[in-house]
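The next block holds one structure in the form of structure tokens; read it before the comments.
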Protein chains: 4
Amino acid sequence: MSATAPAALQPRKRPRRARAVATVDAIFEATIQLLLSGGLSRLTTTRVAERAGVSVGTMYQYFPHKQALIYGLNARYLEALAERIEAACRACHGARVDEMVRLLIETYWRAKTERADVTRALYLSVAGMDNSALIDEFARRADDATMAMLQTAADARFANIELVNRTLVTVVFGTVRNAFERNLEGARADAVRAELIRMCRAYLREAASSP
Amino acid sequence: MSATAPAALQPRKRPRRARAVATVDAIFEATIQLLLSGGLSRLTTTRVAERAGVSVGTMYQYFPHKQALIYGLNARYLEALAERIEAACRACHGARVDEMVRLLIETYWRAKTERADVTRALYLSVAGMDNSALIDEFARRADDATMAMLQTAADARFANIELVNRTLVTVVFGTVRNAFERNLEGARADAVRAELIRMCRAYLREAASSP
Amino acid sequence: MSATAPAALQPRKRPRRARAVATVDAIFEATIQLLLSGGLSRLTTTRVAERAGVSVGTMYQYFPHKQALIYGLNARYLEALAERIEAACRACHGARVDEMVRLLIETYWRAKTERADVTRALYLSVAGMDNSALIDEFARRADDATMAMLQTAADARFANIELVNRTLVTVVFGTVRNAFERNLEGARADAVRAELIRMCRAYLREAASSP
Amino acid sequence: MSATAPAALQPRKRPRRARAVATVDAIFEATIQLLLSGGLSRLTTTRVAERAGVSVGTMYQYFPHKQALIYGLNARYLEALAERIEAACRACHGARVDEMVRLLIETYWRAKTERADVTRALYLSVAGMDNSALIDEFARRADDATMAMLQTAADARFANIELVNRTLVTVVFGTVRNAFERNLEGARADAVRAELIRMCRAYLREAASSP
DNA sequence: GATGAATGAGATTTCATTCAT
DNA sequence: TATGAATGAAATCTCATTCAT
């Protein structure tokens, strides 16, 4: 009987798992708050555990050392970000280039600004670890997604699409980061974002026409 | 830069003698090497002094605490960078927009890549201090310089020049940083740089024509 | 052994069922392996339980604390060793001194070397507890057994038999331990063992003749 | 001893000044006291520093980690012990075998018992480190010294001197250790020591006559 | 009974900074 | 003035033990 019992009838481990997930979430949230309030140098394992409401020991069961905590935080964030970009790009397959540019920039910009505190906290944290693997993976996924999108453009064909694509993502992601670092906010940020869209459209228009 | 630097972050004394200058240089160089080899977390005052060939005590004569060291390193670098940008912009007064864009981008790109190790070390170090004052000051100087340059363009007039200028510098500086983070190097970096020039030219052309 | 063991170091319960015995065996075996691979400092309760294939909780049912585990391991081993010595001595009652010496040394030497890993692990573990009770008890049993044997020697009578006996066991047990510590193995160990027998025989011959 | 010591276990710096020597002595003395009062498990770096009257930081300047401290303690002790044995053996060159045996055993026994607390502390500490290098080096020096002595015996020549020598030192050193472990003290210890001398003499007499 | 996640005291180690020489 | 030994607060991490499930 039990061999064929559906998974839904085995709730034994579920509460435990749910709790573990909540614990990890609390730890990440505490990390972000501490990064924002005191920067990387004030981020100590003791304080993270305390703020998260768990014991240090528990924290060390989920993260074998401090680096793993920071890495995990970045991994989770970049994973979510990559997914959003991929979804946005998929949604634009077959659209016109102008639309693609608009959606790409707005998606990325919104992802960065809707929880600006998290974004800032992560920018603060990356110096504390070897993040090249994470960055590379994220860059690869983003490049692939935008490339696949650009190839389906309804109104354009690009001679050197690899280069055009790489330029586009480097410019968009870089500009957003720099806007952040300069504390561009509110109306100013909106204006720059609109101009960035204009700029990228102008570029792609030119890149499509000339071989 | 020093004009706006908080008093607490100032070097204890201006090195007036040649020997003192050499000492400070050695300390900065040691800091950069250690940042590159072990990141911010391996950067200790003892190691810096040792690598620089001076005693900790001597180092504390020039930098009252560790933060002052990192701050000083960034200040010196951003000061030099700002000066290069200002010089490049001055050299372009009265030129055509295409030329301005080319020189701005090439100047900045070269400044970042000719000692890529230093650039990387500084990116690693910024998380360790409150750098907003430095960043703001640098952004202001860069904005002013490019703005003054754009206003003298031989072949263009911009309706909303403030926004156009802000967009331009945000895009250029952001893109360079992102190219760095993605480890774009060699031919790939050159190609993206050329495309960035193309993109900015297309943008300014459009911005000049339409109000 | 158990007669004199302090109450606090006693196993919580006597394993009566076969399964419980197997569990305790597995725990002891895991302890030995961990001692050999990482020394006393790497011996943690979690690792012992994991290696033994039981949960920590279960382990704490058999051993109320870590000390009890180490104590139990030593007690079991010394108990078995004492029994072997007693048996060997009993088997020699009425024999000649040369035979007694040979059997005593060979029995002890073999007991130590047939599972050299266990012997080594136990030498490593004793520093981690107050083992004087165990050592004393073992020494008493060994002394009694050899004493009883010597008194029945067919070809000798000893004036100060207490001293002769104490000297004999101290020399034999000490030499074996030292041979171990010096990593005497193979043919070298055999040669030293044979010489030890010769030496003890020479001593007892002399001790028997002179009052 | 230091010739074969692994680099990782070496003291961080050689104490050159008198004060530094006093500091290192105080640390060693504190270590011994703590080993005696609480065993290896109560030996913590904090307590050692506190008892020695220095700060932890200072302690870590002389010993890069706890293992190095224990290693250093043993190395110093075994070095002194080896020197005493070597001196005693040198003093016996050309003497008769009986005299050699007496001096060897009395020297070693006295070295172990005149500061019995230290001896005991060291026996407790050895389980906490990889001591094979130290033990090997000490054994080699002791073997060499006794061998050189035996070869000059005025009244004996040994066919298989290597084996005889190895047996002799293994027996003597092992017996002393065992006497210690059994807490043989006072008159009992003296009696056993005298018997050990007798035994070794009888052995060497026999070994010298028969090939 | 069995389990193993959670606990938190406490261990080891680091490192910015001072100050006697 | 230059040095670098000494300091000790504080950081990271471990692990024996408990207890809810």
Side-chain angles (χ1 to χ4, degrees), chain A residues 11-17 19-20 23 41-50 52-69, chain B residues 13 17 19-20 23 41-50 53-69, chain C residues 12-13 17 19-20 23 41-50 53-70, chain D residues 12-13 15-17 19-20 23 41-50 52-69:
Chain A
R12 278 194 99 189
K13 277 214 166 179
R14 257 226 257 132
R16 286 227 171 124
R17 276 193 187 171
R19 191 175 176 195
T23 298
S41 61
R42 292 275 181 275
L43 186 83
T44 73
T45 51
T46 321
R47 277 199 267 264
V48 169
E50 188 185 29
V54 298
S55 68
V56 236
T58 298
M59 209 191 89
Y60 271 84
Q61 287 210 325
Y62 292 104
F63 302 97
H65 43 249
K66 198 185 171 186
Q67 284 237 344
L69 168 64
Chain B
K13 60 178 182 185
R17 302 177 164 218
R19 188 179 168 196
T23 300
S41 59
R42 291 275 183 274
L43 186 82
T44 73
T45 51
T46 317
R47 276 198 267 263
V48 170
E50 188 185 31
V54 298
S55 70
V56 237
T58 300
M59 211 187 86
Y60 270 82
Q61 299 242 323
Y62 293 104
F63 301 97
H65 44 249
K66 198 186 173 188
Q67 284 241 341
L69 168 64
Chain C
R12 238 171 208 166
K13 59 178 181 187
R17 300 177 165 221
R19 188 178 172 196
T23 300
S41 61
R42 292 275 182 275
L43 186 82
T44 72
T45 51
T46 317
R47 277 198 266 262
V48 170
E50 188 187 30
V54 299
S55 69
V56 235
T58 299
M59 212 187 86
Y60 270 82
Q61 299 243 324
Y62 293 103
F63 302 97
H65 43 250
K66 198 187 173 186
Q67 286 241 340
L69 168 64
I70 297 174
Chain D
R12 234 173 211 161
K13 57 178 178 187
R16 276 174 207 142
R17 299 180 166 216
R19 186 173 177 198
T23 299
S41 61
R42 291 275 182 276
L43 185 83
T44 72
T45 52
T46 320
R47 278 198 268 262
V48 170
E50 190 184 28
V54 297
S55 69
V56 237
T58 298
M59 209 190 90
Y60 271 86
Q61 287 209 323
Y62 292 103
F63 302 97
H65 43 250
K66 199 186 169 184
Q67 286 238 342
L69 168 65

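Throughout, protein chains are lettered first and strands after them, A, B, ... in sequence-line order, and every chain is numbered starting at 1. Everything numeric here is computed off the predicted structure, so don't read it as measured data.
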remark   = Atom CE of C/Met59 and atom P of F/dC15 are separated, to the nearest Å, by 14 Å
d(OH, D/Tyr60; C1', E/dT14) in whole Å = 10 Å
ask   = Is any side-chain heavy atom of A/Leu69 closer than 4.5 Å to a side-chain heavy atom of A/Met59?
value = yes
remark   = Sorted by position of nearest nucleotide on DNA chain F, 5' first, the leading residue of A/Thr46 and C/Arg42 is A/Thr46
Point-to-point distance, once rounded to the nearest 0.5 Å, from NZ of B/Lys66 to OG1 of B/Thr44 = 7.0 Å
task = With DNA chain F as reference, determine whether D/Ser55 or B/Val56 sits nearer its 5' end, using the nearest nucleotide of each.
result = B/Val56
remark   = Out of F/dT12, E/dA5, E/dC15, minimum distance to the side chain of B/Arg47 belongs to E/dC15
key: Between P of F/dA16 and CG of C/Leu43, the distance in whole Å   = 8 Å
task = Would you kindly compare C/Val54 and D/Ser41 by the position of their nearest DNA chain E nucleotide and give the one closer to the 5′ end?
result = C/Val54
remark   = From CD of C/Gln61 across to P of E/dA2 the rounded distance in Å is 6 Å
query = So, for B/Pro64 and B/Tyr62, which heavy atoms are closest and what is the spacing to 0.1 Å?
reply = CD-O, 4.0 Å
key: Nearest-angstrom distance from the residue atom CZ of C/Arg19 to P of E/dG1   = 11 Å
key: Proximal nucleotide (of E/dT3, E/dA6, E/dT17) relative to the A/Thr58 side chain   = E/dA6
request  = Figure out the OH/P separation between C/Tyr62 and F/dT17, and round it to whole Å.
outcome  = 19 Å
query = Should F/dA20 form a Watson-Crick or G-U wobble pair with both distances under 3.5 Å, which nucleotide is its partner?
reply = E/dT3
task = State whether D/Thr45 places a side-chain N or O below 4.0 Å from either non-bridging phosphate oxygen (OP1 or OP2) of E/dA11.
result = no
For atom NZ of A/Lys66 and atom C1' of F/dA10, their distance in whole Å = 12 Å
query = For B/Thr44 and B/Gly57, take the nucleotide of DNA chain E holding the closest heavy atom to each; which residue's nucleotide lies nearer the 5' end?
reply = B/Thr44
message = Please report the distance, rounded to the nearest Å, between CZ in A/Phe63 and P in F/dT14.
response = 15 Å
query = Which of the following nucleotides, E/dT12, F/dA6, E/dA6, is nearest to the side chain of D/Thr23?
reply = F/dA6
Nearest atoms (heavy-atom pairs only) where D/Arg42 meets D/Arg47 = O-NE, 3.1 Å
remark   = Paired to E/dT14 by Watson-Crick or G-U wobble criteria (both distances under 3.5 Å) is F/dA9
inquiry  = With a 4.5 Å cut-off on side-chain heavy atoms, are A/Thr45 and A/Phe63 touching?
reply    = no
